[in-house]
There are 2 protein chains.
Amino acid sequence: METHVLKSADVKSTKKRNLLLSILKEEKQAITAENLHEKANKILPMNISTVYRSLAFFTEKGILSKNIHKDGKAYYQIQNHMHQHTLHCTFCHENIPVAQCPLTELEESLSNETGYKILGHTLQFSGICPSCAKKQSSQE
Amino acid sequence: METHVLKSADVKSTKKRNLLLSILKEEKQAITAENLHEKANKILPMNISTVYRSLAFFTEKGILSKNIHKDGKAYYQIQNHMHQHTLHCTFCHENIPVAQCPLTELEESLSNETGYKILGHTLQFSGICPSCAKKQSSQE
DNA sequence: TTACATGCAAATACTTTGCATATAA
DNA sequence: TTATATGCAAAGTATTTGCATGTAA
């Protein structure tokens with residue numbers, strides 16, 4: 001999709017879009033299209049392509065942030081300043097949330113340096129969780 | 001690939017792997033498998049699957065870092081402490097490097113808080129570059 | 001000799017798209 | 001009525017994998 005011009009296109013408020021948005025608002029962690037579809041589909045049956053199209057639409061409008069994680073899947077969450085980053089175990093693929101985001105100040109200085117209007121960022125840590133570290137050392 | 005046990009497997013040093021690694025060492029920015037293949041293939045013809053397999057191998061060994069960018073592609077670079085992050089324009093998709101990485105200290109406190117052994121992180125900023133911002137406002 | 005590396009083609013997995021139909025405004 | 005949303009199936013794209021063959025140690 002290369003429609004970079006954000007014309008305020010005519011927008012219909014549909015039941016499906018509203019449902020998707022309300023599920024996303026409840027979520028504290030970013031979720032995948034597939035995961036969102038599973039949840040929404042139970043309440044109001046819809047096709048996965050509707051989910052993808054809605055997610056693209058909301059992301060384009062700046063309502064959602066989209067991040068691609070190490071597993072190669074896109075994760076979406078409501079765009080707010082209290083967003084959440086994760087720490088990912090490269091062994092068991094557990095994800096745990098990171099307490100706070102330290103980048104707000106940095107974004108400001110980055111904006112001054114580069115002239116960019118900063119819209120957001122993607123941040124993910126990876127490492128080895130305590131239990132995997134234990135298993136690993138006991139195998140040697 | 002779920003071979004989580006990092007046994008120090010027998011490793012062969014082949015011309016192709018050496019070439020790939022030496023190209024990666026010269027690169028200052030992270031590059032994609034396809035891009036790496038293009039460069040390597042001119043010097044020593046090889047299949048793209050060899051590139052993917054080598055990249056997976058090096059990443060598993062901790063020699064490379066692998067990050068998935070907003071375009072959905074994996075970018076690889078030599079794992080060192082002077083790594084580079086980027087700022088990405090959501091309109092023209094230009095990528096510019098970010099001067100320094102502010103996360104080393106944070107990784108330490110995160111490690112203390114969670115018990116994880118932190119191996120690395122993915123960080124990408126996105127925004128609108130000055131020239132796209134100009135074009136955008138002149139269209140309204 | 002033997003285990004690992006590679007080429008090739010086919011398979012995967014997530015995501016996007018074309019087209020006909022349905023629906024909000 | 002009319003432009004936009006949706007379902008369905010097919011296509012797209014980056015990546016992975018099975019298997020036969022090649023090659024370093």
Side-chain angles (χ1 to χ4, degrees), chain A residues 1-23 30-38 40-61 63-76 93, chain B residues 1-23 30-61 63-76 93 122:
Chain A
M1 180 167 325
E2 294 300 308
T3 320
H4 287 318
V5 195
L6 295 176
K7 291 177 186 164
S8 62
D10 296 34
V11 175
K12 283 183 192 171
S13 140
T14 69
K15 282 181 187 175
K16 288 169 188 175
R17 281 185 178 174
N18 290 334
L19 173 61
L20 292 171
L21 215 45
S22 69
I23 293 173
I31 62 173
T32 63
E34 190 186 4
N35 194 200
L36 177 59
H37 179 238
E38 271 173 28
N41 202 50
K42 284 179 191 161
I43 301 164
L44 185 57
M46 69 180 72
N47 196 278
I48 185 99
S49 67
T50 300
V51 175
Y52 276 110
R53 278 193 271 231
S54 301
L55 286 170
F57 176 83
F58 293 137
T59 304
E60 213 172 282
K61 296 291 177 201
I63 299 165
L64 296 181
S65 73
K66 171 185 181 178
N67 293 316
I68 301 175
H69 285 201
K70 297 270 184 194
D71 60 6
K73 293 179 192 168
Y75 285 73
Y76 299 83
H93 301 302
Chain B
M1 179 168 325
E2 294 299 309
T3 320
H4 287 319
V5 194
L6 295 176
K7 291 177 186 166
S8 62
D10 297 35
V11 175
K12 282 181 194 172
S13 140
T14 67
K15 282 183 188 174
K16 288 170 188 176
R17 281 187 179 173
N18 290 335
L19 173 61
L20 292 171
L21 216 45
S22 70
I23 293 173
I31 62 173
T32 62
E34 191 186 4
N35 194 200
L36 177 59
H37 178 239
E38 270 172 28
K39 296 187 183 203
N41 203 52
K42 282 179 193 159
I43 301 164
L44 185 56
M46 70 180 74
N47 195 279
I48 185 101
S49 67
T50 299
V51 176
Y52 276 110
R53 278 193 271 231
S54 302
L55 287 170
F57 177 84
F58 293 137
T59 304
E60 213 173 280
K61 298 289 177 204
I63 298 164
L64 296 182
S65 72
K66 172 185 181 178
N67 292 315
I68 301 175
H69 285 202
K70 297 269 186 196
D71 60 6
K73 294 179 192 169
Y75 286 72
Y76 299 83
H93 303 299
T122 299

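Chain naming here is simple, since letters A, B, ... match the order of the sequence lines and numbering starts at 1 in each.
Taken from CZ in R53(A) to CZ in R17(A), the straight-line distance is 10.0 Å, to the nearest 0.5 Å. A distance of 6.5 Å separates CG in L55(B) from CG in L20(B), rounded to the nearest 0.5 Å.
Of the residues in residues 37-47 of chain B, none has a non-hydrogen atom less than 4.0 angstrom from any atom of DNA chain D.
Going from atom CD1 of I68(A) over to atom C1' of dT16(C) covers 13 Å, rounded to whole Å. Between the P atom of dA24(D) and the CZ atom of F57(B) lies a distance of 16 Å, rounded to the nearest Å. For the pair Y76(A) OH and dC14(C) C1', the interatomic distance rounds to 10 Å; values are reported in whole Å. One can place CG of L21(A) at 14 Å from P of dA5(D), the figure rounded to the nearest angstrom. Between I48(B) atom CD1 and dA5(C) atom C1' there is a gap of 17 Å when expressed in whole angstrom units. Distance CD (E60(A)) to C1' (dT16(C)): 14 Å, rounded to an integer number of Å. Counting to the nearest Å, the C1' atom of dC14(C) and the CD1 atom of I31(A) are 16 Å from each other. With rounding to whole Å, L55(B) atom CG is found 12 Å from dT6(C) atom P.
Contact annotation for S49(B): base contact, defined as any heavy-atom pair under 4.0 Å involving a base atom.
Partners of A74(A) by side chain to side chain contact (heavy atoms under 4.5 Å, CB included), not counting sequence neighbours, listed by chain and number: K66(A), I68(A), Y76(A). The side chain to side chain donor-acceptor pair (under 3.5 Å) search around Y75(A) returns D71(A), not counting sequence neighbours. Here K70(B) pairs with N67(A), T122(A) under the side chain to side chain donor-acceptor pair (under 3.5 Å) rule; sequence neighbours left out.
Phosphate contact (OP1/OP2 of dT23(D), side-chain N/O of K15(B), threshold under 4.0 Å): absent. For the OP1/OP2 pair of dT15(D) and a distance below 4.0 Å, the side-chain nitrogens and oxygens of K73(B) include no atom meeting the criterion. For dA5(D), the OP1/OP2 oxygens have a side-chain nitrogen or oxygen of R17(A) closer than 4.0 Å. Between Y52(B) and dT15(D) there is a side-chain N or O to OP1 or OP2 distance below 4.0 Å.
Looking at the side chain of S13(B), the nearest of the listed nucleotides dT17(C), dA25(D), dT15(D) is dA25(D). Here the side chain of K66(A) is nearest to one of dT16(C), dG18(D), dC19(C), namely dT16(C). Listed nucleotides: dT6(C), dG7(D), dT15(C). Nearest to the side chain of T14(B): dT6(C). Closest to the R53(A) side chain, of the nucleotides dA5(C), dG18(C), dG7(C), is dG18(C).
If you run side-chain contact (heavy atoms from CB on, under 4.5 Å) between L36(A) and each of I48(A), L19(A), I31(A), only I31(A) comes through.
The rotation axes computed at either terminus of the helix from dT1(C)-dA25(D) to dA25(C)-dT1(D) lie 40° apart, taking five pairs at each end and rounding to 10 degrees.
Each of S54(A) and E34(B) lies near DNA chain D, and the nucleotide nearest S54(A) is the one positioned closer to the 5' end.
Closest approach of N18(B) and S13(B) over heavy atoms only: ND2-OG, 3.3 Å.
Using a 4.5 Å cut-off on side-chain heavy atoms (C-beta onward), S54(A) and V51(A) make no contact.
Sequence neighbours left out, the pairs with a member in residues 33-48 of chain B that pass side chain to side chain donor-acceptor pair (under 3.5 Å) are E27(B)-K39(B), N47(B)-S49(B).
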